[in-house]
Amino acid sequence: MSINLNDFSIEKAVSSFSDGSLSVKDFVKESIDFFEADKNSKIPLNAFLELYDDVISLAEKADEEYKTARENGKDAVAELLKKKPLLGVPFAVKDNISVKGKRLTCSSNILQGYVAPYNATVINRLVEAGAIPLGRCNMDEFAMGSSTEYSIYGPTRNPIDRDYVSGGSSGGSTAAVAANQAIFALGTETGGSVRLPASYCGIYGLKPTYGVLSRWGVVAYGSSLDQVGLLAHTPRDIALPLSVLSGTDFYDDTSCNLPESETLCDLQALSDAEFAKLKIAVPRQFEQAEGLDKDVEAVFNSTKKWFESRGAKIDVVDLPVLDASIASYYIIALSEAASNLSRFDGIRYGNRKDPGTGYDDLYVKTRSEGFGPEVKRRIVIGNYVLSEQMSGKCYKTGMSVRSRIQNDIAKLFENYDLILCPTCPTASFKLGQKVDNPMEMYLSDLFTTFVNLARIPSISVPCGRTSKDNPSASNMPVGIQFAGKMFSDAKILRIAQNWENDHPNCGYPLSKEEN
């Protein structure tokens, strides 16, 4: 049967599987066929690096479970879905999240040949809920980048226009969803690597409150900042997996429970009365930021007007500490990266380069040939920040700024429900445009890093496109982020659902024909 994946939400797919009108196997085969056709096309998207070889057998098992339940009546089907609410739903996995028995390379030479010996907690929880890991997605090497151009597998292209970047570092996961190769995907972010590609590709991308999703089994970049995130076409398609994934984990001491997680199973938009009570803060520092594209500013202004038309109150607020957020972020992230990546030495695991002249030479040659230029750059900077010459002063300053950001943001949320700002100063840019300009690439994260530093949740919402005559990005998606206080994940998803209800299918940029 002919299937258009663009027509399916998670709820519709599960409903179709359960009533027998669609088989999981046929649904999964559509993704496989889509992947194979794209891989052999003139300009491949390069979102998936591989589809797992057991996908069809897992789909057949899911079909068998549905069949058995249907034979025992509606109550049996309901009971099955109570235990496994995502039964048969395929999802994409970023290449830094462990899936037992599958390759995990972080898109780096140094991990070529590595096979994960266990599942990450987020994978275990999705599998227990019946979801099917579909395949491994491209990313910036060790999640260090904003465009998915720093990958040994080559760049992932933007499905809207393949001359443009998909964003990073979770560009592969995002492009797979935006191109309808998967209903939802797991990404990770340290300073915006889920929200940024979501903005560039025109879908929803959530960075949950720090700790809500376990990091066990996820290759570390900056441990105090890292977070697993979710990408999908609608807020409801993020909410349901989040309800399954959230909660404390024995293996991750930073993990925590999410209040109101039960409301995520059947996500409802705010009522008109609830919406009219919203108080929204717009940081003056972001409104006046240098490099803010005029079309992005226009979409932002349009989004503000929508909030006001629904009765919400918007205030422009001063948060001077935000001017230091990007500097504080890179000091902390790169210091932690230098420490975390020291374990990749060619001795314990990964791709070893041994000249046969001792451990020191093995270590140097393995890391020199294994890491790409951006990873080396960040390791060198991180080690310099932590070096004896600096005496840790720079790192301590960065941590002091972070503490100030956390305090100021927490104080702001005593009077406001939401922080509203663009996800990125610009829309997507052309492949190769910034890859040799690290500072310009780093500034792509200008509006996102404060969220990670403050450990609050934020979602990038597809709110418009650039104009067709924009010289740098014609008719490309623009995301606006809704950021809330810690553990307000359910609330910001409900507000995003209000947007989706008023702007149907804004997270569906491509039809099958367009793709």
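Worth saying up front: this structure is predicted, and the values here are computed from it rather than measured.
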Q.
Using a 3.5 Å distance criterion without hydrogens, assess whether the side chain of Asp140 forms a donor-acceptor pair with backbone atoms of Tyr150.
A. yes
Exercise for review: Please check if the side chain of Thr156 supplies one atom and the backbone of Asn46 the other of a donor-acceptor pair under 3.5 Å.
Suggested key: yes
request  = Would you verify whether the NZ or CZ of Lys376 falls within 45 degrees of the ring axis of Phe371 while also being under 6.0 Å from that six-membered ring's centre?
outcome  = no
Any side-chain donor-acceptor pair under 3.5 Å between Arg402 and Asn452?
-> no
ask   = Are the charged groups of Arg284 and Asp318 less than 4.0 angstrom apart, N to O?
value = yes
Short N-O contact, Glu189 and Lys207, less than 4.0 angstrom
no
On a heavy-atom basis, the closest approach of Tyr204 and Cys506 is OH-SG, 3.2 Å
**Request:** Determine yes or no for a side-chain-to-main-chain donor-acceptor pair under 3.5 angstrom, with Gln288 supplying the side chain and Gln285 the backbone.
**Result:** no
Item to complete: Would you tell me whether Lys353 and Ser368 have side-chain atoms, one donor and one acceptor, within less than 3.5 Å of each other?
Response: no
Ignoring hydrogens and angles, tell me if any N or O in the side chain of Thr466 forms a donor-acceptor pair with the backbone of Ala473 under 3.5 Å. yes
**Asked** Taking the six-membered ring for Trp, are Phe482 and Phe307 parallel (under 30°), tilted (30 to 60°) or perpendicular (over 60°)?
**Response** perpendicular
(message) Looking at Asp95 and Asn138, would you say the former's side chain and the latter's main chain have a donor-acceptor pair under 3.5 Å?
(response) no
Check: Any salt bridge between Asp489 and Lys491, counting N to O under 4.0 Å?
Finding: no
| task | Would you check, one step at a time, whether the test side-chain contact (heavy atoms from CB on, under 4.5 Å) holds for Ser444 with Leu446? | result | CA-CA 6 Å; Ser444 299; Leu446 184 63; over 6 Å; no
Using atom types as modelled and distance alone, determine if a side-chain donor or acceptor of Ser108 lies under 3.5 Å from a backbone N or O of Gly370. yes
Closest heavy-atom pair, Cys256 versus Phe487, reported as atoms and distance to 0.1 Å, is SG-CE2, 3.5 Å
All heavy atoms of Gly229 vs all of Pro208, minimum pair found to be CA-CD, 4.0 Å
Any chance the side chains of Thr426 and Asp293 put a donor and an acceptor closer than 3.5 Å?
no
Say whether, by atom type as modelled, one donor and one acceptor occur between the side chain of Asp445 and the main chain of Thr448 under 3.5 angstrom. no
Inset, instruction - Would you confirm whether Ser246, through its side chain, and Leu242, through its main-chain N or O, come within 3.5 Å as a donor-acceptor pair? - result: yes
Nearest heavy-atom contact between Val401 and Ser328 is CG1-CB, 3.6 Å
Which of Thr188, Leu334, Asn96 passes side-chain contact (heavy atoms from CB on, under 4.5 Å) with Tyr221? Answer is Leu334
All heavy atoms of Phe344 vs all of Val219, minimum pair found to be CZ-CG1, 4.0 Å
Problem - Donor on one side chain, acceptor on other, Arg215 and Tyr210, under 3.5 Å - result: yes
Centroid-centroid under 6.0 Å between Tyr330 and Tyr442 rings = yes
Between Asp38 and Arg162, does at least one N-O distance fall below 4.0 Å, as a salt bridge requires? yes
For Leu49 and Ser107, the nearest pair of non-hydrogen atoms, with its separation, is CD1-OG, 4.1 Å
query: In this structure, are over 12 heavy atoms from other groups packed under 6.0 Å from Asp315 atom CG?
result: yes
Do Gln481 and Ser458 have side-chain N/O donor and acceptor atoms under 3.5 Å apart? yes
Can we say Glu260 and Arg494 salt-bridge, meaning some charged N sits less than 4.0 Å from an Asp/Glu carboxylate O? no
- Message: Tell me if a side-chain donor or acceptor on Glu500 pairs with a main-chain N or O of Thr234 at a distance below 3.5 Å.
- Response: no
Item to check | Any side-chain donor near an acceptor of the partner, Asn340 and Ser223, under 3.5 Å | outcome: yes
query: Any side-chain heavy-atom pair from Pro425 and Val296 closer than 4.5 angstrom?
result: no
